[in-house]
Amino acid sequence: MPPQIHSRVLIKNFLTVFLPLSALVGVVIGTIYYQQIQTEQVLLKTNELRKVDLETKVISGDFHSVVSDLMVISKQNELQKVLEGVNGQQQALSQELLLFSGYKKLYDQIRFLDRSGKEVVRVNFNKGEPTIVPEEKLQVQAKRYWFNDTLRLNQGQVFVSPLDLNIERGQVEQPLKPMIRFGTPVFDRRGEKRGIVVLNYFGTKLLDNFNQAFANASSQGMLLNADGYWLKGAKPEDEWGFMFPNRKNRTFGQAFPQAWQQISQKESGQFQTAEGIFTFTTVYPLVEGQKSSTGAGQAFAPSQNQIDTKSYHWKIVSWVSPETLTTKSNRFLSQLLLLYAGLVGLTGIGSWLLVRASVNRNMAQLELRQSELELRKLVEREKILKTRLSSQIRNSLDLNTILSTVVVEVRELLQIDRCQFFWCHQEDESTSLELSQQACAPDLTEPLGCSPIQNVEALSEAVMQGNLLCFDDIATDSWLDFKSRNLLVTLGFKSLLIVSVQTQSGRLGVIVCEHSRELRPWSDDEVEIIRGVADQLAIAIDQAQLYNQSRAATAAATIQAEQLNQVLHNLKETQAQLIQTEKMSSLGQLVAGVAHEINNPVNFIYGNLTHVSEYTLGLLELVELYQQSNAHSTPEVEAHIEAIDLDFMAEDLPKILISMKMGANRIREIVLSLRNFSRLDEADMKPVNIHEGIDSTLLILQNRFKQTSGNNGIEIVKE
């Protein structure tokens, strides 16, 4: 189709769609405006009714609270004792009223007056620091209207003065001090009226509560007395007109005559005039048993008339000015006009896009088929990647091999510049990254900058929380702050895809896919692939750790078994040594016992051999003397000498005794050697002569040194 005809058709179709839609939008906007104005007015009127009703309850509640305080004070035990004339109770009553004033913070004065009008006790609030008025400064209030109006009441009745301004010395006190006086007569136990109790209630508290209900509101709240004078108005200079001669004509009726005609004749209601929306109600703060009067404008003038409960009333009025209504409607109209302009613009854009869409439909379908083809290829590559990872996990449980396979396969699958895997370590409040494996494109001429996570705190915090981060264009991404974007661009990054790998064992890793040569938009399918790879990698890491832990446990068990064998061997050697030691100990005890038993008779024999030798030599010498002195012996003697071979005996007997002495000495030396060998009598450590020990041992082993038929003998050489 030629370009001119194509443009003409586009414009015609555009106008056919755009004009009806614009008219429809205008009708909808007009309907919304009308309905919204009606709805806002209904909501406004309902809200004003609610505020006026709420303020009525607040005022009635304030009056009820003050009357309750008044009755509590009138029943005080200290007050009754003062009436009975008990000494010291007047001071106690003053202290009670002082504490009451400081606690409530609602009363300018708290007084007890006797029947003559003289103040018996008075506590002044004194700007937040209550004080007891000294007796010499107490006044007589007999001419005050509120005293006389209260004194004439019966027991249990309450007098409530009008809400007016406090008058001192015939003039309105400045700054203005709105006041309501609550009084009740006091009776003693005999039922005799003895005086009154009066509370000067701060009217400012009531008016402040009234203002809070209308704070930050679109309406103005006004409180009027029964004559239409402002107790609280829109302008301070219009208030309290009945108290000032120059303000006598400043009433609500003068300012809004049409509205006052309806408000003064009805209890409550709501209406709208050209002057605005008025919502009003009548509040009757007095209840049965409470009295009031007109009061007096002069300090010592009596009240003009008594007022019954229904005559003591105020009007609460809420006023929404026409300017407020117009401002709201104009503001909403401006917003709707802006909305209409925006909708018309969007309608025009939508119509134009709709017309263009019909022309470009064929091309869109072609692009859709191409996208589907690319998606199928991506899915196939994902299946191949997961298959390779699963195969690698089955074939090898080496963690470095698994991580190396992951980064290589992910880089090839997504065709990116670089893929890295880091281990994340957190110590105290700092986070450190340890590069484990990475794979780079083979045609990457220049290496990329250092890790982006290590340099950007926002990235490291997100990784530690397990978040996935995807940045198609770092230079324009709004998630990063200005400093972080500039830092990443300076390091050479243009696109990033970061995913955390959280294992069941508590280890945290991160896969970082980086592109630096050009922008690399990440599709949702690619993001899901990386998520799947991270989940599968977490499982592989846990399995590898379990495998490593099992190997470490096996090695530890092997080492422990070897240690146990060595301990068993040492135990056996120790046991053998203990047995040998026990044997030696038993042998030593045996040797010591034998040596002791042998030593005694041997010593006896050795010691007597000397005497036997001497005796033998003496006998032999005696025999020789007999032979010399008796030359002729008898035959029997000669025969006996011949039989015993006396000459040989005389020659051999000394030799035998010498041999016996040598043998006994030999036995003594052996016994001594055995005793030295056992050493049972030596319990303490002390220096010894090692030669004696060696000689004793050699002496014991003397028979082993001799030459025998099966042994050549041993020669001992001492140096």
Side-chain angles (χ1 to χ4, degrees), residues 378-379 381-441 448 450-456 458-471 496-515 522 524-557:
L378 186 61
V379 171
R381 284 156 53 189
E382 179 186 2
K383 291 181 179 179
I384 294 172
L385 173 60
K386 291 184 177 180
T387 302
R388 290 181 179 176
L389 288 177
S390 300
S391 175
Q392 187 65 45
I393 293 172
R394 288 194 299 270
N395 295 333
S396 174
L397 287 176
D398 181 64
L399 189 56
N400 290 329
T401 303
I402 295 173
L403 296 177
S404 176
T405 302
V406 168
V407 295
V408 171
E409 294 294 338
V410 169
R411 196 207 67 77
E412 292 181 356
L413 175 65
L414 302 182
Q415 294 297 303
I416 56 178
D417 289 341
R418 182 165 67 170
C419 180
Q420 294 177 313
F421 180 84
F422 293 90
W423 288 113
C424 298
H425 306 289
Q426 190 170 16
E427 299 177 357
D428 297 332
E429 297 182 356
S430 61
T431 302
S432 61
L433 296 174
E434 176 189 355
L435 177 62
S436 178
Q437 298 293 333
Q438 68 173 340
C440 300
L448 296 174
C450 57
S451 169
I453 306 175
Q454 191 73 35
N455 294 275
V456 180
L459 297 181
S460 61
E461 291 179 355
V463 166
M464 295 304 296
Q465 295 174 0
N467 297 330
L468 184 143
L469 304 175
C470 181
F471 304 104
L496 280 176
L497 179 59
I498 303 172
V499 61
S500 299
V501 179
Q502 294 181 326
T503 65
Q504 294 293 332
S505 59
R507 297 193 69 182
L508 178 63
V510 59
I511 300 175
V512 181
C513 300
E514 306 168 356
H515 216 67
W522 311 99
D524 294 339
D525 297 323
E526 291 174 335
V527 173
E528 289 302 320
I529 288 174
I530 293 300
R531 286 184 186 272
V533 169
D535 294 339
Q536 196 167 5
L537 181 58
I539 297 173
I541 292 173
D542 286 332
Q543 291 178 349
Q545 286 184 335
L546 288 175
Y547 173 71
N548 291 334
Q549 289 174 1
S550 64
R551 291 185 59 187
T554 303

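Position 1 is the first residue of the sequence; numbering continues from there. Values reported hereafter were calculated over all heavy atoms of this structure, with side chains retained and with hydrogens, waters and symmetry mates removed.
The side-chain hydrogen bond (donor to acceptor under 3.5 Å, both in side chains) test applied to Q437 returns no partner, not counting sequence neighbours. Listed by chain and residue number, S505, R507, A538, I541, D542 satisfy the side-chain contact (heavy atoms from CB on, under 4.5 Å) test with T503 (two or more places apart in sequence, or in another chain). Listed by chain and number, the residues in a side-chain contact (heavy atoms from CB on, under 4.5 Å) with L468 are C470, L497, V499, V527, R531 (sequence neighbours excluded). Residues that satisfy the side-chain contact (heavy atoms from CB on, under 4.5 Å) test with N467, not counting sequence neighbours, are A462, Q465.
Note that CD1 of I539 is 11.5 Å distant from CD1 of I402, once rounded to the nearest 0.5 Å. With rounding to the nearest 0.5 angstrom, the CE atom of M464 is 9.0 Å from the CD atom of Q502. The SG atom of C513 lies 10.0 Å from the CD atom of Q420; values are rounded to the nearest 0.5 Å.
Of all heavy-atom pairs spanning A439 and R411, the tightest one is O-CD, 3.4 Å. For the residue pair W522 and F471, the shortest heavy atom distance occurs at NE1-O, 3.2 Å.
Looking at H515 and I416, their side chains come closer than 4.5 Å, going by heavy atoms from C-beta outward. V410 is not listed as a side-chain neighbour of F421, based on a closest heavy-atom distance of 4.5 Å or more. I511 places a side-chain heavy atom less than 4.5 Å from the side chain of V501.
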Derivation of the side-chain contact (heavy atoms from CB on, under 4.5 Å) call for V406 and V533: CA-CA 8 Å; V406 168; V533 169; 4.0 Å; yes

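No donor-acceptor distance shorter than 3.5 angstrom exists from the side chain of S404 to the backbone of N400, with no hydrogens or angles considered. In terms of modelled atom types and a separation under 3.5 Å, the side chain of Q415 and the main chain of E412 share a donor-acceptor contact.
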